[in-house]
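Here is the structure we will look at, set down as structure tokens.
Note that the coordinates shown come from a computational prediction; the quantities given were computed from them, not determined experimentally. In what follows, chains carry the letters A, B, and so on, assigned in the order in which the sequence lines appear, proteins first and then strands, with residues in each chain numbered from 1.
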Amino acid sequence: MRARRAGCGASIVPSVLETRGLTMTFGGVAAVDGVDFTLGRRELRCLIGPNGAGKSTFFKCLTGQLKPTAGEIRIGEEETTGWDPHAVARLGVGVKTQVPSVMDGLSVRENVWLSAYRGRGRAAARSATDAAIERLALGEIARALVGRLSHGERQRVELAIVVAAAPTLILLDEPAAGLTSEEVGRLAEIIVALNREAAIVIVEHDMQFIRTIASVITVFSQGRILVEGPVEDVMRDPRVRDVYLGRKG
Amino acid sequence: MSARPQLRGTFVALAAGAAILALAPLVAETYTLSVLVIYAILALSLGLIWGFGGILCFGQAAFYGLGAYTYAIAAINIGESTLPVLLGIAVPFAFAFVLGAVMFYGRLSDVYLGVVTLVVTLIFFRFMNATAGPAFAIGEARLGGFNGIPGFPILNVPGQPRWEIYDGAFYAVCAVALLLVYGLVRWLLASPFGRVAVAIRENEGRAELMGYDARLRKTVLFAVGGGIAGLAGVLYASWAEIVTPGLFSLAQSAEIIVWCIVGGLGTLAGPIIGAVVLGYAKFLLGQQSVIDNTLILGAILVLSVLLMPRGIAGVLGAAWGRAPRRARRPRRRAGAPRRLRSLDRA
Ligand SMILES: Nc1ncnc2c1ncn2[C@@H]1O[C@H](COP(=O)(O)OP(=O)(O)O)[C@@H](O)[C@H]1O
Ligand SMILES: [Mg+2]
């Protein structure tokens, strides 16, 4: 891992995340196209945009799952462009992927423990595991194999994995997809609570849900940032309507 | 998962294993039993990295042969067997570490990993076969090409080169080695290192998103498997009193894989049982000449895959009313349809 840049204290860097001209092309097609994105400390930002707009690809560039074709990423004080996922994760970045990514053959508790153990050691991992299981209300199914759980339960397991690592930057890719309205309500509470300790970027489609948690929205379209601003302004923006009604793709 | 029952389970398994190993000489000769125990250690080496690390190595025989050759060459040059034994473990360990690092840091896909390990084994086989001339010697030891290396000192009591270990005593050494390796592997799998290894097998991408360096961990696990296979090779060399390029053959590599499949992957008892059962079957078949051995072993493999998808250990585990821990299950693809339950237990 790279050394910290000298003399670059936290006070000089107000944002936890910044990208400059971030670009990811697949066979000549830019899925992410020159994105400049800045996220403040403790900010809760929503990312919206039609399917294929590049939101998930943007996340994958941030986590190191994809190596961007061009541009720069800074997380905290580190220039993380081109880093491997495990190195990015160690900076305190937690991600819930769009397609749930959990260890199906292991128990709920083992899944959460694995995340809690990293960078903590045994004694502290146990209490962090208990806390995350409690927080996501997984106590009753802690011993169950994750592969046997319902979709909503698996989503919660993945959130518990993220929570257990005590990240300072959390990326959530469509966490409410496929949840019951009751589950979505609980999710909103959890996200707001998490936001007291961490900055969060959340990809979501449900406008009702977005209104309850976020104040600022970034709209992606065709790999670029189309609009960015307070929820109400963005909702009124005709360009956003066009994109969602398919007039511009 | 608390440590206590795990520890008790390990002791029960070790005690049961020790009892079986102690009683076995009542039903078979220690000479035959020794080689079965050696096969069991070899099977355990692949059972560890494949069953728990998800690394399918088609070249486990490379480390086995390397351990055997290293022992033979070192024993000829040194005489006393203690250092040769240690070298016979250390050299395959180091070689597996380097090979593993190249493959895992190079992000080879599973298929290419199989191909590379297979090719490495073939290279050893070819090379050792081509070392007939006097130019191919390491110190006093001539590599001997196709004929291999005969006549090296066998195991001796540490520090006492004249007290050679053979027959019953050698069987005891092999038995203790198997118990030690089994205990070590159980301990390793119960440790955070082992738990993370299983996590990487289950979902490498998620393990990395948790902050684990999968490449490094797979490399270390692969090297441990190489070291254990090397130990099996050392014992085999001392048992056979000759090492030949056949140790590196594809048939040998394939046999180890078959032991693991028939015995039951994802368990530790499985590969051991598979190696002993098939090793003994091969020994019995070797005494007849009616049907070709390979044909029969192939039939056993096909039947066992069809009838016992979890291997012998799976059948035994089910019979005991308790499925083996972390039994092998078909991997579910991400996004595959799964049972939806709207009931929120929150
Ligand atoms: N691995 C990949 N290879 C090729 N094209 C990809 C890959 N991943 C995503 N894409 C393409 O990039 C575009 C953006 O996809 P994605 O980031 O998943 O969008 P969103 O998450 O906003 O729905 C899509 O056109 C998709 O087909
Ligand atoms: Mg997406």
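The pair B:E204-B:R107 counts as a salt bridge, with a side-chain nitrogen and a carboxylate oxygen less than 4.0 angstrom apart.
At a 4.5 Å heavy-atom cutoff, A:R143 makes no contact with chain B through either its backbone or its side chain. At a 4.5 Å heavy-atom cutoff, the contact between A:T97 and chain B is made by backbone and side-chain atoms alike. Proximity to chain B (any heavy atom under 4.5 Å) is restricted, for A:V102, to the backbone atoms N, CA, C and O. Only the side chain of A:D84 has a heavy atom closer than 4.5 Å to any heavy atom of chain B. In this structure, no portion of B:A214 lies under 4.5 Å from any heavy atom of chain A. For a residue to count as touching a neighbouring chain, one of its non-hydrogen atoms must lie under 4.5 Å from one of that chain's; by this rule A:I161 touches chain B with the side chain only.
Checked against a 6.0 Å centroid threshold, the rings of A:F220 and A:F58 count as neighbours.
Atom CZ of B:F193 has more than 12 neighbouring heavy atoms from other residues, nucleotides or ligands inside a 6.0 Å radius.
Looking at B:L301, B:I300, B:V305 one by one, the single match for side chain to side chain contact (heavy atoms under 4.5 Å, CB included) with B:V258 turns out to be B:L301.
At least one donor-acceptor pair under 3.5 Å links the side chain of A:N111 to the backbone N or O of A:M103.
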